[in-house]
Student: 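Quick one: the structure is below, questions incoming.
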Amino acid sequence: MSDIRVRFAPSPTGHLHIGSARTALFNWLFARSQGGKFILRIEDTDRERSTDQYIDGILEGMRWMGLDWDEGPFRQTERIDLHKKHIEDLIKAGDAYYCYCSPEELDAHRKQAMKDGKPMRYNRKCRELSNLAEPAEPVEGVAPVVRFAMPLAGHIVIDDMIKGKVTFNNEELDDLIIARSDGTPTYNLVVVADDVDMGITHVIRGEDHLNNTPKQAHIYKAIASEPPRFAHQSLILGPDKGKMSKRHGATSVLDYRDQGYLPSALVNYLIRLGWSHGDQEVFTTEELIKYFSMENVGTSPSIYDKDKLQWLNAEHIKMTPPEVMLRHLTPYLASEGTVDEGWAPDAEWFASALATLVERAKDLNELASSMRYYILETVEFDQKAKAKFLKPETKELFEEAVKELEGIEDFTAANIEESFKGICERREIGLGKLAQPVRVALTGGTASPGIFDVIEIVGRERVLLRLNKAIEACGSSE
RNA sequence: GGUCCCAUCGUCUAGUGGCCUAGGACAUAGCCCUCUCAAGGCUAAGACACGGGUUCGACUCCCGUUGGGAUCACCA
């Protein structure tokens, strides 16, 4: 056990984005590998855009990925009194001041600064007016915001666990708003206050927050606390090196679930984007916990590569034990109505059926649809396959196969193979001439696991039933 | 534009001054295996952005250039 405490703090203004999920994962792994605590906090201070529906989605996504939290979920909006107290204290201490500048005024300043090629910072008009000791003269009819008074000179060094030492000049830092004119606190105050209050020791987040860090570090100091350690991970980019967006693939974690990805595969992929352990590519989540270390986190942004994710998914499908796979696969089967949620097949049968399928499935949707011909009573023929293989002249072949299969004593793949090879020898045809039509008869299509395995797994009774249906489908020669 | 970050095959990366003729993986191409589809095996092609230093010696350290990214809200 250690005193390490990290947090994941999503804002519920959208789905659990793949990039946020990666941040959550880094935090979670750091906590789990160091014996620390992982805390979930919902940053819902943006009342306009936050919804409970998004919160539910985020929690669902995290549960699906297996990112369990030790404390929370806390909601920032429930902690608003604490935040307000901090703001009052800051004002009293002279670290913050009221600002009566109107949004229009500010906007005009920004535009002018942009035009002049100057930094777009607040001009600190009200700070000078208030001289920090006394509040600025209230302006009639204007509800003020509260700004944090940044140091005007000197510099601050952030010793980032990933990026190393990053230096910022204090004069570059803006007097950011910590309370809106309606009195509600804003993000930069709230994160710091909550992180202090929750005893967060390490802040691991996306690189897009790096520029906020010096400002927050000063707020930490002002509310009498040492800043935590920071670790800023690089971002995930789309294939065009721009921001990862829907054009590049799914951005919501739950979409990956729906597309048939195994959570362990997504986790594996996401962590390998910017972290490595020698030449190893495939990791179980347990291995990740064992090997994860901040030192091996990369510094450069990485591009999302769907192909590699897909490959990893296939690898994870191959290595997931049957009993775990059953749990993951059932919802996909159930959504097609193939089985119901409580499906409990014979464990041995399921394991051998799965073993034949696992080598050829890229995702769980594919796996489920192949599984159907093992589960259902009969199959529907693919029209093209039927036209090509279920011909009148095939009838006779099927009839012989039926007779042979009826005669096999021990209905195993090996015996079935022997018997089928006998048919082919007698008829002087290649195995393919027999296997393909039978494959269509049993699976409905032209691609499947080895035909002898299929026959064994489907079982004699259903095989004969389907073969006879196929004979009917062959029609008669005319 | 200011500030900050980043820079090895198309992509993810190994590499911490000599082990580098730069390794692995995905993707690509060819071959093998084969009852279909996969999986698998083998092989091929493919990178240190550029320019200066430092050093006996730079992919590795320093500086600059170029290129990419992030950020600059009464959003988080």
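Each chain gets a letter, A, B and so on, in the order the sequences are listed, and its residues count up from 1. All figures in this text were calculated on a predicted structure; none of them were measured in a lab.
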Student: What is the pairing partner of C61(B), taking Watson-Crick or G-U wobble pairs with both distances under 3.5 Å in any strand?
Tutor: G53(B)
Student: Would you kindly give the CG-to-P distance between Leu273(A) and C12(B), to the nearest whole Å?
Tutor: 8 Å
Student: Measure from the side chain of Lys308(A), starting at C-beta and using heavy atoms only, and say which of C74(B), C4(B), C12(B) lies closest.
Tutor: C12(B)
Student: With a 4.0 Å cut-off on heavy atoms, is Ser276(A) in touch with a base, just the backbone sugar-phosphate, or nothing at all?
Tutor: sugar-phosphate
Student: Between C35(B), A27(B), C4(B), which one does the side chain of Trp311(A) approach most closely?
Tutor: A27(B)
Student: According to a strict under-4.0 Å criterion, is Thr45(A) in side-chain N/O contact with OP1 or OP2 of A76(B)?
Tutor: yes
Student: Would you mind telling me which of U3(B), U11(B), G24(B) lies closest to the side-chain atoms of Ile303(A)?
Tutor: U11(B)
Student: Which base sits across from C31(B) as a Watson-Crick or G-U pair, both distances under 3.5 Å?
Tutor: G41(B)
Student: Could you tell me the separation between the CZ atom of Arg205(A) and the P atom of A70(B), rounded to a whole number of Å?
Tutor: 17 Å
Student: Look through every strand shown and name the nucleotide pairing with A70(B) as Watson-Crick or G-U wobble, where both distances are under 3.5 Å.
Tutor: U3(B)
Student: Give a yes or no on whether the ring-centroid distance for Phe26(A) and Phe292(A) is below 6.0 angstrom.
Tutor: yes
Student: Could you please name the option among C6(B), C74(B), U13(B) that lies closest to any side-chain atom of Arg272(A)?
Tutor: U13(B)
Student: Which heavy atom of Ile58(A) sits nearest a heavy atom of Ser11(A), and at what distance?
Tutor: CD1-O, 4.2 Å
Student: Please tell me which of the listed nucleotides, C37(B), U36(B), C12(B), lies nearest to the side chain of Arg360(A)?
Tutor: C37(B)
Student: Could you please name the option among G23(B), C74(B), C12(B) that lies closest to any side-chain atom of Arg110(A)?
Tutor: C74(B)
Student: Whole Å only: how far is the CG atom of Asp208(A) from the P atom of G68(B)?
Tutor: 20 Å
Student: When the distance from CG of Asn211(A) to P of U71(B) is rounded to whole Å, what number comes out?
Tutor: 9 Å
Student: Looking at the side chain of Thr299(A), which of G68(B), G24(B), A7(B) is the nearest nucleotide?
Tutor: A7(B)
Student: Side chains of Leu405(A) and Leu467(A), heavy atoms from C-beta outward: is any pair under 4.5 Å?
Tutor: yes
Student: Quick check on A76(B): is either OP1 or OP2 less than 4.0 Å from any side-chain nitrogen or oxygen of Arg180(A)?
Tutor: yes
Student: Please state how far atom OH in Tyr122(A) lies from atom C1' in U71(B), giving the value in whole angstrom units.
Tutor: 21 Å
Student: By nearest atom, which of the nucleotides U3(B), C26(B), A76(B) is closest to the Ser11(A) side chain?
Tutor: A76(B)
Student: Does any nucleotide pair with A25(B) by Watson-Crick or G-U wobble geometry, both distances under 3.5 Å, and what is it?
Tutor: U11(B)
Student: Using whole Å, report how far NE2 of His109(A) lies from P of A73(B).
Tutor: 14 Å
Student: Hey, are Asp194(A) and Arg7(A) close enough for a salt bridge, meaning a charged N less than 4.0 Å from a carboxylate O?
Tutor: no
Student: Please determine, for the side chain of Lys318(A), which listed nucleotide (C35(B), G40(B), C6(B)) has the closest atom?
Tutor: G40(B)
Student: Closer to the 5' end of RNA chain B via nearest nucleotide, is it Gln436(A) or Tyr269(A)?
Tutor: Tyr269(A)
Student: Under 4.0 Å, counting only non-hydrogen atoms across every strand here, what does Phe452(A) touch: a base, just sugar-phosphate, or nothing?
Tutor: base
Student: Any ion pair linking Arg79(A) and Asp197(A) (charged N to carboxylate O, less than 4.0 Å)?
Tutor: yes
Student: Starting the side chain at C-beta, find the nucleotide from U36(B), A76(B), C74(B) nearest to Ser448(A).
Tutor: U36(B)
Student: Quick one: the side chain of Glu207(A) and the base of G69(B), do they pair up donor-acceptor inside 3.5 Å?
Tutor: no
Student: Distance check: side-chain N/O of Ser302(A) vs OP1/OP2 of U11(B), anything under 4.0 Å?
Tutor: no
Student: Does Phe283(A) have Arg272(A) sitting over its ring (NZ/CZ under 6.0 Å from centre, angle to axis within 45°)?
Tutor: no
Student: Classify the side chain of Asn212(A) versus the base of A76(B) as yes if they form a donor-acceptor pair under 3.5 Å and no if they do not.
Tutor: yes
Student: Determine, step by step, whether Asn268(A) and His316(A) satisfy the side-chain contact (heavy atoms from CB on, under 4.5 Å) criterion, reporting the C-alpha distance in whole Å, the side-chain angles of both residues, the deciding distance to 0.1 Å, and the verdict.
Tutor: CA-CA 9 Å; Asn268(A) 191 160; His316(A) 278 260; 2.8 Å; yes
